[in-house]
Amino acid sequence: MIDVRRLRTDLEATTAALSRKRVPAEDVQRAASLDVASRDLASQTEDLRARIKVLSRQVGEVMRASGPQAAEELREQSRRLGEELSALEARAAEVDAQLRDALLRLPNLPAEDAPEGASEADNVVVRTVGFDPGRYQPHQRVPHWDIGNELGILDLERGAKIGGSMFPLFRGAGATLSRALCQLALDRNSDAFTEVRPPSLVRAPVLEATGQLPKFADEAYHIERDDLWAVPTAEVPLTSMRAGEIIPEAELPLRLMAYTPCFRREAGAAGRDTRGLLRVHEFDKVEILSVCTREQAPEMLQELLARAIGSIEALGLPYRVLDICTGDLGQSHARSFDVEVYAPGCDMWLEVSSVSWFSDYQARRAGIRYRPSGGGGNQVCDTLNGSALAVPRVWAALVETYRQEDGSVLLPECLHPYFRGATRIAASVSR
RNA sequence: GGAGGGAUGGCAGAGCGGCCGAAUGCGAGGCUCUUGAAAAGCCUUGGGAGUGCAAGCUCCCCGUGGGUUCAAAUCCCACUCCCUCCGCCA
């Protein structure tokens, strides 16, 4: 969440910044008013509590000096104040809960240099690499769901039989490819990132820290019996790994990476882009993430982006980079770059990575701070993350791009080590 | 799943319901002494909120949330986590 103090010292500027993200001024004003009310009630309760403390001490002294009877009047006085106090506290709790909820729902401020825009149509293509629409042969213009079927490496029908629609099933070399892509991403980033294998089911506060709750509860799978949530991305458990901790500045920046399955209900996107692997409920992804200082953040954003692109380049896929406009930035995001690969079979640009800077929005929710080396007060950290590689869409673009005239799929060289000597995927006999 | 035990500051570890935000030890930082170091001595050393130009003042936090009481780290209840034993299990 944003720093409440911004609402006190900089209400106008904050409202203006949030309006770039299409947040109505009333929402900001409401939070600001609740904050005023909350502080007012807090100072009243503090006052009362202080008086009760003094009285209580006196009660003790009088009782010791002159016995219980002598203290009766003081006790009565304190009891009355106590009743007043609990009434006041109840009101304060009510207002605080409202303030917290309002604050939790306010999006992060966009970065100043994030491009202005109303929707995804206004995202700015920063660069396009390796894309030449005239280069593609007819045998590459086959969508991956057909290729997958033909080669027996993607079985959407049987996936649906087991998990329902949008739960893909990979088999044979298709399954190997899925795993190989993850392994590739982990290997490529192991020079600087610590690998983590976190839980895939998490508690509500963990989802709240990264911004999925309370606002986007419909997007996540919830296991009611145990009140656990399936992670939509490794960003969620990785960000909360250091929740509530104060990290010495010397340890920053933290660099973490994790492979996890990712679960998404895609409630808001029903019916859109649902063919094949374009949008699925469960997929594998390797995420890279950093916790750092405000000063380290800009460089880290570039590093994460370079690493996300690095894997795509290694795979030899054409891609482009989008600078996400204010109207399309996610709730927690200050600045985002999307990486899209071109899939010739479906003739579409597929988003395969989103590299984002969250400023201190997530870290404040999660309570991740650092102790500055030079002394002074503890500071809230910045967080950044991006997909190092998200399997299904890369899988799709890859089989479409590398499909040969005979229908087999040639594997890019960087994947060979993971394929037990194979260099191409041909039709398998067994079904 | 069953039976026990536990959770206090960076760590260890005290804490008859009333100067306890918390003894003590270790660790860390600063200073004195020293040519330098060690030793010794002195001092400092948790997090957060409000208010004030500031010095400061006030309040909250002893796993979390409730309750009892004039007053809770201390008593009661619930939950979470950790440890030990039994059962089950990849």
Side-chain angles (χ1 to χ4, degrees), chain A residues 1-11 31-104 197-209 223-229 237 240-252 261 360 363-381:
Chain A
M1 66 196 125
I2 63 170
D3 190 345
V4 217
R5 280 167 291 206
R6 291 199 65 104
L7 300 177
R8 328 220 260 244
T9 58
D10 250 337
L11 182 58
S33 312
L34 283 166
D35 173 51
V36 171
S38 161
R39 270 182 303 149
D40 183 47
L41 285 168
S43 79
Q44 285 183 50
T45 52
E46 272 180 22
D47 238 49
L48 255 184
R49 232 193 307 266
R51 283 165 65 193
I52 291 172
K53 267 190 145 174
V54 171
L55 276 175
S56 295
R57 201 168 305 152
Q58 287 173 359
V59 169
E61 282 161 13
V62 170
M63 277 188 16
R64 242 168 294 133
S66 331
Q69 270 82 28
E72 201 37 61
E73 193 175 325
L74 279 175
R75 287 179 56 179
E76 181 53 33
Q77 208 179 331
S78 181
R79 193 173 332 177
R80 275 198 307 270
L81 287 182
E83 278 162 21
E84 236 179 280
L85 179 63
S86 32
L88 211 53
E89 276 175 338
R91 262 201 292 154
E94 169 76 12
V95 169
D96 287 351
Q98 284 177 25
L99 171 61
R100 187 179 150 71
D101 188 68
L103 237 32
L104 241 25
R197 177 53 252 245
S200 311
L201 299 180
V202 301
R203 303 171 196 267
V206 173
L207 234 28
E208 194 174 277
I223 295 164
E224 256 178 67
R225 186 183 167 107
D226 299 291
D227 195 19
L228 288 168
W229 300 74
S240 282
M241 229 176 108
R242 299 293 211 118
E245 298 188 24
I246 300 169
I247 305 168
E249 182 176 355
E251 275 185 48
L252 303 178
D360 56 8
R364 181 168 292 105
R365 287 172 165 234
I368 311 169
R369 290 167 295 168
Y370 70 93
R371 198 187 318 284
S373 305
N378 296 332
Q379 301 284 316
V380 179
C381 293

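Here is the naming used below: chain letters follow the sequence lines, and residue numbers restart at 1 for every chain.
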Euclidean distance for [atom1], [N] against [M] (whole angstrom):
N: B:rA37; M: B:rU74; atom1: C1'; result: 47 Å
N: B:rG9; M: B:rG15; atom1: P; result: 16 Å
N: B:rC76; M: B:rC16; atom1: P; result: 14 Å
N: B:rU35; M: B:rC57; atom1: C1'; result: 49 Å
N: B:rA71; M: B:rG56; atom1: C1'; result: 27 Å
N: B:rA12; M: B:rG1; atom1: P; result: 29 Å
N: B:rG6; M: B:rA55; atom1: C1'; result: 44 Å
N: B:rU24; M: B:rU44; atom1: P; result: 12 Å

Does [X] reach the main-chain N or O of [Y] with its side chain, forming a donor-acceptor pair under 3.5 Å?
X: A:R91; Y: A:L41; result: no
X: A:R371; Y: A:I247; result: no
X: A:S86; Y: A:E83; result: yes
X: A:D3; Y: A:R5; result: yes

Rounding to an integer number of Å, can you tell me how far [X] [atom1] sits from [N] [atom2]?
X: A:R364; N: B:rG48; atom1: CZ; atom2: P; answer: 12 Å
X: A:R80; N: B:rA71; atom1: CZ; atom2: P; answer: 14 Å
X: A:D40; N: B:rA49; atom1: CG; atom2: P; answer: 19 Å
X: A:E46; N: B:rA49; atom1: CD; atom2: P; answer: 12 Å
X: A:L88; N: B:rC59; atom1: CG; atom2: P; answer: 16 Å
X: A:L48; N: B:rU58; atom1: CG; atom2: P; answer: 16 Å
X: A:E89; N: B:rG66; atom1: CD; atom2: C1'; answer: 12 Å
X: A:L55; N: B:rA72; atom1: CG; atom2: P; answer: 13 Å

query = Does a side-chain N-to-carboxylate-O contact under 4.0 Å join A:E251 and A:R242?
reply =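 Yes.
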Which part of the nucleic acid does [X] contact within heavy-atom distance under 4.0 Å: base, sugar-phosphate only, or nothing?
X: A:R5; answer: sugar-phosphate
X: A:S78; answer: sugar-phosphate
X: A:A50; answer: sugar-phosphate
X: A:R203; answer: sugar-phosphate

Taking 4.0 Å as the cut-off, does a side-chain nitrogen or oxygen of [X] come that near to OP1 or OP2 on [N]?
X: A:R57; N: B:rG18; result: no
X: A:R371; N: B:rG47; result: yes
X: A:R49; N: B:rA71; result: no
X: A:K53; N: B:rA72; result: no

Of the nucleotides [options], which has the atom closest to the [X] side chain?
X: A:R39; options: B:rC70, B:rU51, B:rC81; value: B:rU51
X: A:N378; options: B:rA49, B:rG47, B:rC70; value: B:rG47
X: A:M63; options: B:rC81, B:rG18, B:rA49; value: B:rG18
X: A:I52; options: B:rG48, B:rA49, B:rC70; value: B:rC70

remark   = Ranking A:D47 and A:E76 by the position along RNA chain B of their nearest nucleotide, the one closer to 5' is A:D47
query = Hey, where does RNA chain B pair up into stems, meaning at least three consecutive Watson-Crick or G-U pairs with distances under 3.5 Å?
reply = B:1-7 with B:80-86, B:10-12 with B:24-26, B:27-32 with B:40-45, B:46-51 with B:56-61, B:63-67 with B:75-79
message = Any donor-acceptor pair under 3.5 Å linking the side-chain atoms of A:E94 with those of A:Q98?
response = yes
inquiry  = Among residues at least two apart in sequence or on other chains, which ones pass side chain to side chain donor-acceptor pair (under 3.5 Å) with A:Q379?
reply    = none
query = Does atom CD of A:E73 have more than 12 heavy-atom neighbours, drawn from other residues, nucleotides or ligands, at distances under 6.0 Å?
reply =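 No, CD of A:E73 has 12 or fewer neighbouring heavy atoms, counting only those of other groups under 6.0 Å.
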task = Locate the shortest heavy-atom distance separating A:R369 from A:C381; write the atom from each residue and the value.
result = C-SG, 3.6 Å
